[in-house]
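Order of the sequence lines sets the chain letters (A, B, ...), proteins ahead of strands, with each chain counted from 1.
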Amino acid sequence: MSESSFLPTVYDPAPVEEKWARFWVEEKLFTADVNSDRPKFSMVLPPPNVTGSLHMGHALCFTLPDIIARWKRMQGYNVMWLPGTDHASIAVHNVIEQSLAEKGLTREKLGRQEFLRVAWEWKEKYGGIIIHQLKRLGASLDWSRERFTMDPGFSLAVRKVFVDLYQEGLIYRDYYLVNRCPRCQTVLSDIEIEHREVAGKLYYIRYPLADGEGSIVVATTRPETMLGDTGIAVHPDDPRYRHLHGRVAILPIIGRRLPIITDERVEKDFGTGAVKVTPAHDPVDFDLGRRHGLEQVVVIDGAGRMTEAAGPEFQGLDRSSCREKVVARLQAEGYLVKVEDYRHNVGHCYRCQTIIEPYLSWQWFVRMKPLAQPAIKAVEQGEIIFVPENWAKTYFDWMYRIHDWCISRQLWWGHRIPAWYCQDCAATIVSLKDPDRCSQCGSSRLRQDEDILDTWFSSALWPFVTLGWPEETPDLRVFYPTDLMATGFDIIFFWVARMIMMGLKFTGKIPFRHVFINGLVRDMYRRKMSKSRGNIIDPLEMVKKYGTDALRFTLASLAVPGMDISLSEERMAGNRAFANKVWNAARFVLMNIEGQDLSLNPQELTLADRWIRSRLKKVTGELNAALEQYKFYEAADKIYHFIWHEFCDWYLELCKPSLKAGITSTRAVMVETLERTLLLLHPFMPFITEEIYQHLPGAGKSIALTSFPSAEEIEADEEAESLVGLLQEVVTEVRTIRAQHRVAPKVKIKAWVKATDEITRSRLAVLIPYVKFLAGLESLEFKEDFEAGIPCLRGAGATWEVAIPAAGLVDLSAEKERLRREIKQIEEEIAKLQTRLQSPAFIERAPQDVVAETRANLAELEARRKKLSRSLSGIE
RNA sequence: GGGCGGUUAGCUCAGUGGUAGAGUAUCGGUCUUACAAACCGGGGGUCACUGGUUCGAACCCAGUACCGCCCACCA
């Protein structure tokens with residue numbers, strides 16, 4: 001048969017993938033029907049930032065749900081998987097402001113209107129990149145439902161949520177000490193701060209007492225903040241300072257009078273047991289100050305520069321150079337007692353890694369406790385299930401101790417806070433529609449709050465606003481709550497928890513039933529991928545090199561729930577080889593069925609046909625069970641092993657003689673098995689399976705629209721499995737003997753076989769032609785007596801023996817070595833089992849079937865040893 | 001300071017009570033007409049350590065060590 005009419009020998013993924021990716025989108029295969037009467041299965045994609053280009057985290061984050069989506073769709077579900085993007089305030093600001101800076105511009109110079117125009121322009125231009133990439137990579141998303149977190153519907157919903165929460169008292173404004181990033185020029189919420197240990201110093205500073213009698217020494221890591229000190233605190237029970245209670249110290253440099261207060265929160269054992277109190281620049285001091293009525297003196301501004309209140313000597317200095325100057329002056333004036341090296345945790349901005357500055361300012365907050373309570377309950381009662389479940393503990397830990405959420409940001413790109421301040425009576429107006437006049441005094445001199453909302457505020461609404469909320473749309477009714485949310489553990493607090501809280505609050509329902517938490521993608525040495533390390537593995541580059549299917553399969557085969565994934569290119573090369581294997585198996589099948597009768601006569605099935613069907617049944621069951629539990633790695637492993645090591649290595653090889661003999665049913669089973677196998681593989685490798693499927697006789701519009709195999713469709717055939725098991729044993733034994741004696745495959749040799757019981761004998765009789773073919777034997781005959789004086793190479797199972805007359809083939813001393821080694825291994829095993837069986841405790845207490853099994857194993861091993869020993873002494 | 005996870009073959013990882021597995025790497029042999037991105041075969045592990053429970057432990061319990069991550073107001 002000429003090969004030219006068939007598929008090429010080497011599979012080239014790129015053209016195939018591009019073709020089908022386009023086809024799926026153009027044919028709208030993944031558009032869900034809201035009127036369908038099939039059961040629904042819905043998900044929303046975690047919206048990638050519009051700034052980004054696709055990275056491995058994304059690739060993982062859509063590959064796994066795509067596997068589920070395709071699987072469920074093939075199982076007959078009405079699958080709706082909604083895509084979209086997130087406006088990502090800070091990230092967009094960083095990108096745009098950086099490009100402005102290159103032109104010598106700042107956002108202030110540009111102005112708010114113009115900046116927003118640039119941002120939208122930028123979003124239109126680059127925001128589509130990820131969407132394009134997702135389409136190219138074949139994620140089976142419903143593109144008719146694509147959303148953006150700043151589209152008009154979203155703006156309306158965000159405003160409604162804000163107004164409702166405000167009216168209920170769950171959103172409030174307060175003058176509070178918050179975290180500010182001096183570089184990003186905005187405040188951040190607590191969870192946007194990353195604490196990292198840094199090498200710092202602990203400065204001991206002496207503050208003289210006002211009455212001139214003595215002094216008190218305090219320890220601080222931030223001496224520059226002393227300029228804003230308004231008190232000193234000691235522990236009430238600390239005997240060292242009892243005489244100082246209620247007295248007054250003098251702040252060096254500034255000269256301010258500092259009352260010495262007592263508070264339980266002071267640690268007696270740290271430093272000197274006395275702490276300076278700077279209410280405007282430290283969270284603990286802020287509380288202390290509020291409780292004890294201390295003044296708040298702001299000495300560092302939002303950009304990290306010293307204010308006028310820091311005094312003329314320091315005003316305008318950066319906080320770090322100010323530290324040096326303050327320390328120098330303290331030293332010069334004798335106030336600096338000592339300086340110690342000190343490692344401590346310092347908060348950094350999660351976006352730009354700048355050290356965070358506590359910053360006293362008016363901000364908007366969400367009161368979290370009332371929202372958290374039902375969200376905790378939903379997980380406690382199992383309405384929402386984390387996979388793996390131990391992530392629920394992380395969720396609970398955070399939720400129980402939740403703090404109020406600072407939601408205002410001093411940025412422009414985002415949802416502007418719907419609050420107005422009356423310039424005449426100072427009233428605050430929060431409203432759905434832009435107000436014309438003050439509701440208190442009727443003045444029309446209103447000024448809208450300059451700030452926008454934290455990006456995560458709108459992200460929290462993603463699962464229901466994307467479906468039409470606050471309208472009661474059919475989509476919302478049919479597809480909400482969603483079934484599965486797949487995302488990384490790093491955003492459980494940022495996103496998952498807040499979606500649960502907001503979902504319950506505004507829809508009265510959970511937003512999703514299952515939360516699948518995937519790990520971080522790391523490099524092959526388990527290091528985080530980062531640009532600075534230069535160890536980024538770019539998914540698009542991998543796609544180019546190995547194909548999307550190989551990338552997807554690699555991610556799936558490494559995805560153990562909740563565990564980080566360490567990725568290597570070798571692994572991907574291996575899976576490209578797997579794709580190629582599938583391709584060539586398909587080529588082989590297609591070559592052999594072209595123009596042939598494919599009718600299936602059950603009477604005509606060969607042993608191999610019966611065996612592969614039975615194996616396929618079991619693998620199908622295992623695959624479905626694994627996916628049911630989100631065990632992607634296990635599912636991938638099962639299908640990989642089945643295709644490569646059962647379908648290709650044994651079944652297709654066994655088909656060759658049958659095909660030669662012209663057995664029609666084998667062709668039928670071959671193509672039937674190939675087709676079912678492709679369906680099983682499709683969720684993992686959508687492209688190559690589609691391409692091959694389209695070459696099969698009777699192919700439909702798309703493999704994605706076929707129905708997923710179920711184990712019930714096929715019958716098990718234990719007899720065939722057991723016979724092929726025996727076949728594999730014998731063939732492997734003969735091959736091993738050949739390989740160890742360097743008997744090349746093309747050298748046709750004779751072999752003898754015998755069985756130690758009648759049943760094995762009759763089974764071997766059936767298997768002889770197969771063994772001959774697979775082991776490359778010229779002949780294989782039953783022979784009762786091997787001991788006829790001809791030196792042989794021997795192998796044995798428990799109930800059978802093979803012998804290859806060795807004359808002229810090999811060096812017998814090598815054979816003796818081989819037999820000795822094998823016997824030794826068997827004897828070690830036998831010794832272990834004997835010890836176990838000699839223990840009365842084992843016989844008495846272990847379950848009967850375990851004991852029986854152990855006995856049977858021992859008997860088998862002993863039988864083998866006997867046979868091999870006889871062979872050995874025969875040679876000797 | 002609290003919590004979570006990890007430690008199994010050279011490497012990356014599966015494996016929740018009954019004779020240690022995969023991929024890859026490695027060594028040897030093959031172009032056996034689907035596939036050299038392939039085929040056949042081999043070697044390679046006191047399952048981190050110490051105790052305990054059990055007839056039996058990689059697996060359960062207690063502790064130790066090292067690695068990683070998250071949370072945390074000792075300035």
Side-chain angles (χ1 to χ4, degrees), chain A residues 1 3 6-7 9-11 191 195 202 218-222 225 233 265-272 274-278 282-288 342 344-345 358 390-391 393-394 397-398 401 489-490 492-493 519-520 522 524-526 528 546 554 557-558 560 562-568 570-571 573-592 631 633-634 637 640-641 648-649 652-653 656 732 735-740 742-746 775-776 828-829 832-833 836 839-847 849-851 853-854 857-858 861:
Chain A
M1 199 175 294
E3 278 193 23
F6 286 98
L7 315 171
T9 318
V10 175
Y11 174 61
I191 54 174
H195 293 274
L202 192 58
V218 300
T220 179
T221 54
R222 300 197 59 196
T225 64
R265 286 176 66 180
V266 177
E267 291 283 332
K268 284 181 282 190
D269 300 331
F270 186 87
T272 60
V275 58
K276 67 188 208 52
V277 183
T278 322
D282 182 277
V284 182
D285 295 7
F286 176 76
D287 273 358
L288 283 178
Y342 183 62
H344 62 131
N345 279 311
N390 56 315
W391 285 108
K393 188 171 162 38
T394 305
D397 284 350
W398 189 66
R401 297 173 303 138
F489 63 81
D490 49 332
I492 289 178
F493 304 149
L520 238 55
R522 298 169 176 276
M524 65 178 296
Y525 305 107
R526 306 199 50 77
K528 240 180 192 169
Y546 306 104
T554 304
S557 66
L558 294 170
V560 178
M563 294 282 293
D564 287 354
I565 285 178
S566 66
L567 202 61
S568 73
E570 280 125 56
R571 196 94 185 193
N575 286 320
R576 176 183 59 180
F578 177 52
N580 200 50
K581 189 73 181 173
V582 172
W583 183 253
N584 277 290
R587 273 182 82 229
F588 178 77
V589 173
L590 291 171
M591 277 168 79
N592 281 287
K631 291 184 175 173
Y633 67 98
E634 196 175 304
D637 180 65
Y640 180 97
H641 184 267
C648 293
D649 288 353
L652 292 184
E653 290 306 316
K656 286 174 183 173
T732 304
R735 283 171 175 170
T736 305
I737 294 168
R738 292 185 68 133
Q740 303 223 328
R742 315 267 187 278
V743 181
K746 62 185 160 199
E828 279 166 10
E829 207 49 54
K832 260 201 270 184
L833 295 187
R836 190 173 308 162
S839 149
F842 176 69
I843 306 291
E844 281 164 30
R845 303 207 200 170
D849 54 329
V850 172
V851 176
E853 202 187 319
T854 309
N857 285 340
L858 180 63
L861 287 167

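- Interatomic distance, A/L833 CG to A/F842 CZ, rounded to the nearest 0.5 Å: 8.5 Å.
- For the C1' atoms, the distance from B/rU64 to B/rG45 is 23 Å, rounded to whole Å.
- Taking only side-chain nitrogens and oxygens, A/K631 never comes nearer than 4.0 Å to OP1 or OP2 of B/rA14.
- Shown here are the side chain to side chain contact (heavy atoms under 4.5 Å, CB included) partners of A/A233, two or more places apart in sequence or in another chain: A/I261, A/V266, A/V275, A/V277, A/L288.
- Shown here are the side chain to side chain donor-acceptor pair (under 3.5 Å) partners of A/R576, two or more places apart in sequence or in another chain: there are none.
- Ring geometry for A/F489 against A/W391 counts as parallel: the plane angle stays under 30°, on a 0 to 90° scale with 60° as the upper cut.
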- Nucleotide by nucleotide, 5' to 3', does protein get under 4.0 Å of the base (B), only the sugar-phosphate (S), or neither (-) in nucleotides 69-75 of chain B, counting heavy atoms? --SBBBB
Pairwise N/O distances under 3.5 Å, protein to nucleotides 59-61 of chain B:
none

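- Within 4.0 Å (heavy atoms only), A/V560 reaches sugar-phosphate atoms of the nucleic acid but no base atom.
- Closest to the side chain of A/N390, from the set B/rG41, B/rG5, B/rG3, is B/rG5.
- Taking 4.0 angstrom as the limit, A/K581 places a side-chain polar atom (N or O) nearer than this to OP1 or OP2 of B/rC39.
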Dump every N/O contact between nucleotides 42-45 of chain B and the protein below 3.5 Å, one line per pair.
none

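- Both A/N584 and A/I843 lie close to RNA chain B; mapped to their nearest nucleotides by heavy-atom distance, the more 5′-ward contact belongs to A/N584.
- Applying the side chain to side chain donor-acceptor pair (under 3.5 Å) rule to A/N575 yields the partners A/T554; only residues at least two apart in sequence or on another chain are considered.
- Closest approach to the A/N857 side chain among B/rU19, B/rA34, B/rC35 is made by B/rU19 (side chain taken as heavy atoms from C-beta onward).
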- Task: Just do the ring pair (Phe, Tyr, Trp, His ring centres under 6.0 Å) check on A/F270 and A/Y342 with the steps written out, would you?
- Result: CA-CA 12 Å; A/F270 186 87; A/Y342 183 62; 5.8 Å; yes
Using atom names, set out every protein N or O paired with an N or O of nucleotides 21-26 of chain B below 3.5 Å, distance rounded to 0.1 Å.
unit_1, atom_1, unit_2, atom_2, d
B/rG23, OP1, A/H645, NE2, 3.4

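- Stem list for RNA chain B (at least 3 consecutive Watson-Crick or G-U pairs, distances under 3.5 Å): B:1-7 with B:65-71, B:10-13 with B:21-24, B:26-30 with B:38-42, B:48-52 with B:60-64.
- Comparing the C1' positions of B/rU33 and B/rG28 gives an interatomic distance of 25 Å, to the nearest angstrom.
- Nucleotides B/rG5 and B/rA14 place their P atoms 14 Å apart, quoted to the nearest Å.
- In terms of the side chain to side chain contact (heavy atoms under 4.5 Å, CB included) criterion, residue partners of A/S568 (sequence neighbours excluded) are, by chain and number, A/M524, A/E570, A/R571.
- Looking at heavy-atom distances under 4.0 Å, A/E828 makes no contact with the nucleic acid at all.
- When each of A/E634 and A/K656 is assigned the nucleotide of RNA chain B bearing its nearest heavy atom, the one mapping closer to the 5' terminus is A/E634.
- With sequence neighbours excluded, the residues forming a side chain to side chain contact (heavy atoms under 4.5 Å, CB included) with A/V218 are A/I205, A/Y207, A/I232, A/A274, A/K276, listed by chain and number.
- With sequence neighbours excluded, no residue forms a salt bridge (Lys or Arg N to Asp or Glu O under 4.0 Å) with A/E267.
- Checking B/rC39, B/rG18, B/rA34 against the side-chain heavy atoms of A/D649 singles out B/rC39 as nearest.
- To the nearest whole angstrom, the two P atoms, one in B/rG15 and one in B/rU53, are 28 Å apart.
- When each of B/rC35, B/rU12, B/rG41 is scored by its nearest atom to the side-chain atoms of A/S566, the top-ranked nucleotide is B/rU12.
- Comparing the C1' positions of B/rU7 and B/rU30 gives a spacing of 40 Å, expressed to the nearest Å.
- Shown here are the side chain to side chain contact (heavy atoms under 4.5 Å, CB included) partners of A/P847, two or more places apart in sequence or in another chain: A/D849, A/V850.
- Contact annotation: the side chain of A/Y633 approaches that of A/K631 to within less than 4.5 Å [non-hydrogen atoms, C-beta and beyond].
- Within the 4.0 angstrom heavy-atom criterion, base atoms lie near A/P847.
- Contact annotation for A/R576: base contact, defined as any heavy-atom pair under 4.0 Å involving a base atom.
- A/K656 forms a cation-pi arrangement with A/F588, by the criterion of a distance under 6.0 Å to the ring centre and an angle within 45° of the ring axis.
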